[in-house]
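Shown next, in structure tokens, is the structure this report addresses.
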Amino acid sequence: MTAKSMMPYVQGNSAIRAMFEEGARLAAKYGKENVYDFSLGNPSVPAPEEVGQAIMDILDEEESLFIHGYNQSNSGYEDVRTIVAEHLNKLHGTSFTAENIVMTVGAASGLNVAIKTLVDPGEEILAFAPYFVEYGNYAANHGAVLKAVPADTDTFQPNLEVMEEMIGPKTRAVIINSPNNPTGVVYSKQTIQAMAKILKEKQQEFGTDIYIISDEPYRELAYDGVEVPYVTRYYDNTVVGYSWSKSLSLPGERIGYLVFPSEMADFENAIQAANIANRVLGYVNAPTLIQRVAARCIECTTDIDVYDKNRKALYNGLVDAGYECIYPEGAFYLFVKSPIDDDVEFVAKAKEHNILIVPGKSFACPGYVRIAYCVSYDTIVRSIPAFKELMDEIRG
Ligand code: PLP
């Protein structure tokens, strides 16, 4: 008998599978090019050439037992962690060493390791709606309780006043994600400083540690030179979770890292606990070949001009068609106000026009839909008339 605790996931999964199957059915009926699939955050830009070259060079130049063996430390190769630390120091004026870095199996495992390391069962984690749907599952994996701070739908910036009211003695962490999935907003330095001020006061009030877990898979996907502040510079009790899934278009390779700054509370125990969490959660160590690839490609990023072009074309096309949407400064998503109250019903109507999108309900923010524009430019251009027809139908 399958565990009862897994059955809600199984049921939820059938809904996702139904969406995939529907996409495949529509593609078979109308032709793949006439189906506008904006449902997934899978990068549409291939990995930079340097990645393939690095793989070949590593296989050629490095010792097989070293490249493919277990890592000596569950935190990953020491030289790779040094390269990561020095890269961060160069970019952000920090002073990390290999001791501050734990290589992870993408951001997803990084978040699980961070939660297992810092949050005890029964303690609370706050996340700002709308947020990446898996946060709730990751918290539940470790017996923690995820609480949603309701969205400020005017700006989609974190609602700090409500956050302040929601913090109590059991609050152990606040997850933030900037550039944000699903809204594309970027949190400014002032916002991070204001958040840090409140958290410091609350730590004092309750005599506890409250961590910021900064989930940053979209850090490099920031447009028009917008600054994405490095959170450890403003708040000591920060753990940064990074991933190369989007920045090098390597989501299937499962590679990322966590940063634990030395200034954080109980650093020595925390970094050891994270190393052990990597092992006991079954990740053991981040994939070894790709750790070495990431280190060799530390200066590379994806071609963000491709996403930028999509961003402008889709945003302008949708606004012209009468949709309301905040202009995204990063990531590759638009979070659009549903023209009817029920976002799930709107998603179903969109499907009748061969448009596949995700309801805001899935991000704890009903009344909106997420459109992932990591698709071909051609798909964007050809989808605009379909979005217009959809709006015309709704307006009657
Ligand atoms: N966090 C956010 C906000 C994401 O959007 C994603 C993936 O889409 C992840 C974490 C997981 O990333 P990874 O593939 O590195 O595990």
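All values below come from the heavy atoms of this structure, side chains included, with hydrogens, waters and symmetry mates left out. Atoms within each ligand, like the ligands themselves, are counted from 1 in listed order.
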Does Y131 come within less than 4.0 Å of ligand 1, judged by its heavy atoms? no
Give a yes/no verdict on whether any heavy atom in P217 is under 4.0 Å from an atom of ligand 1. yes
So if I count the atoms of ligand 1 from 1 in the order they appear, which ones are less than 4.0 Å from some heavy atom of [X]?
| X | result |
| --- | --- |
| Y218 | 3 (C), 4 (C), 5 (O), 8 (O) |
| N181 | 3 (C), 4 (C), 5 (O) |
| N177 | 3 (C) |

So for ligand 1, is S245 a polar contact partner (N or O within less than 3.5 Å, distance only)? yes
With a heavy-atom distance limit of 4.0 Å, tell me whether A107 approaches ligand 1 through its side chain, its backbone, both, or neither. both
Counting only heavy atoms closer than 4.0 Å, does ligand 1 sit against the backbone of A108, its side chain, both, or neither? both
Side-chain H-bond candidate by donor/acceptor type, [X] with [Y], under 3.5 Å:
| X | Y | answer |
| --- | --- | --- |
| N181 | R370 | yes |
| E134 | N137 | yes |
| S75 | N278 | no |
| Y218 | Y333 | yes |
| T97 | E99 | no |

Starting from [atom], which protein heavy atom do you reach first, and at what distance in Å?
| atom | answer |
| --- | --- |
| atom 7 (C) of ligand 1 | K246 NZ, 3.5 Å |
| atom 6 (C) of ligand 1 | F132 CZ, 3.5 Å |
| atom 16 (O) of ligand 1 | R254 NH2, 2.7 Å |
| atom 1 (N) of ligand 1 | D215 OD2, 2.6 Å |

Centre of Y242's six-membered ring, under 6.0 Å away, within 45 degrees of the axis: is that where NZ or CZ of R219 sits? no
Check whether any side-chain heavy atom of F267 lies under 4.5 Å from a side-chain heavy atom of S262, and answer yes or no. yes
Check this for me, if you would: do R296 and E62 make a salt bridge, where the nitrogen-to-carboxylate-oxygen distance has to be below 4.0 angstrom? yes
